[in-house]
Amino acid sequence: MKANDMITLALSKGRIFDETLPLLKAAGIEVLEDPETSRKLILPTNHANVRVVLVRASDVPTYVQYGGADLGVTGLDTLIEHGGGYANGVVAAGLYQPLDLQIAKCRMSVAVRADFDYAAQVKQGARLKVATKYTAIARDFFASKGVHVDMVKLYGSMELAPLTGLADAIVDLVSTGNTLKANHLVEVERIMDISSRLVVNQAALKLKQAAIRRIIDAFEAALPAAR
Ligand code: PRP
């Protein structure tokens, strides 16, 4: 088979993988191995010319932008961080974003300790220490409010930062709110709603148009709004 005939889809393990499976099924594509039990990073499907590659969630836009994958599914949060913040718009050269898949929905929020008076601090023009994995989104958000911040970059367990005095506030994803509650944090700002997006390599779309279009159309037809 010529490399040009192969369609490579980049997914990350967990919620995005699980919630993309029904969309793939609607496109007649079934992944033949379970990423939770297999150690393989390239998973075959029931179509000899379609494969799934498993990458870190934050690497999906990179794989698709530079052609390591033809298409991928990634959270809006990851996509905006990849593009350098929302002040730039949701753009990255060579990445076509045809669909909001309406899966893995959550929100990006600011949270603080329950005993921290965020509103008063903002009103006074205090400089806030903000811990987050999403530094571009956080920087743009606080800049748009005119709040000065010192950013502390973390890679996980953000909720710990206000509890240990590392930061006054965090910017993180909130879904049920249970993680915040369990750590005595409260949500004080909702920055944006998040869902997963389909991203497509623009050059691949030209070269393998028919096969990629078929997948985009099948995904689109399977979205809740289309049902
Ligand atoms: C996210 C986020 C919060 C949690 C929020 O972490 O960072 O910790 O989910 O969900 P909740 O509001 O339903 O409690 P995730 O589990 O995705 O892992 P992460 O550590 O990679 O961010």
Side-chain angles (χ1 to χ4, degrees), residues 9-23 31 34-39 41 43 52-64 69 72-86 90 92 100-116 118 128-142 149-199 224:
L9 171 69
L11 296 177
S12 51
K13 273 206 253 188
R15 203 170 160 192
I16 285 183
F17 184 90
D18 297 344
E19 296 188 19
T20 302
L21 282 186
L23 297 173
V31 184
D34 178 358
E36 297 305 330
T37 52
S38 167
R39 306 285 300 174
L41 296 175
L43 306 179
V52 168
V53 292
L54 293 176
V55 303
R56 282 285 291 266
S58 51
D59 291 335
V60 169
T62 306
Y63 267 83
V64 177
V73 177
T74 181
L76 181 62
D77 51 323
T78 306
L79 198 53
I80 294 177
E81 279 296 311
H82 178 79
Y86 62 71
V90 190
D100 176 352
L101 299 176
Q102 301 167 45
I103 58 172
K105 284 187 181 177
C106 56
R107 56 194 185 270
M108 178 77 69
S109 294
V110 180
V112 298
R113 275 167 59 145
D115 59 2
F116 182 83
Y118 173 81
L128 293 182
K129 224 184 227 188
V130 176
T132 185
K133 182 154 80 171
Y134 304 97
T135 49
I137 292 173
R139 190 194 57 230
D140 285 355
F141 175 72
F142 286 108
V149 292
D150 290 318
M151 207 67 77
V152 181
K153 167 87 184 182
L154 291 178
Y155 294 88
S157 302
M158 260 84 81
E159 295 83 5
L160 202 52
L163 306 180
T164 55
L166 186 67
D168 303 312
I170 60 170
V171 168
D172 196 10
L173 297 176
V174 180
S175 179
T176 60
N178 290 340
T179 309
L180 292 182
K181 206 182 286 169
N183 291 292
H184 311 291
L185 300 179
V186 291
E187 196 175 355
V188 287
E189 304 252 24
R190 193 173 174 134
I191 300 179
M192 64 176 80
D193 289 327
I194 301 289
S195 57
S196 289
R197 310 298 162 108
L198 182 66
V199 287

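Order of appearance sets the numbers: ligands from 1, and atoms from 1 within every ligand.
- Side-chain atoms of E81 come within 3.5 Å of backbone N or O of A136 as a donor-acceptor pair.
- Remark: D100 pairs with S195 by the side chain to side chain donor-acceptor pair (under 3.5 Å) rule, at least two apart or across chains.
- Judged by distance alone, with hydrogens and angles left aside, the side-chain atoms of R15 form a donor-acceptor pair with the main-chain N or O of K105 at under 3.5 Å.
- Under a 4.0 Å N-O distance rule, the pair E187/R107 qualifies as a salt bridge.
- Between the side chain of S38 and the backbone N or O of D34, no donor-acceptor pair lies under 3.5 Å.
- Protein residues are said to neighbour a ligand when one of their heavy atoms lies under 4.0 Å from it; for ligand 1 these are K133, E159, D172, L173, V174, S175, T176, G177, N178, T179.
- Panel note: side chain N183, backbone T179; a donor-acceptor pair is recorded below 3.5 Å.
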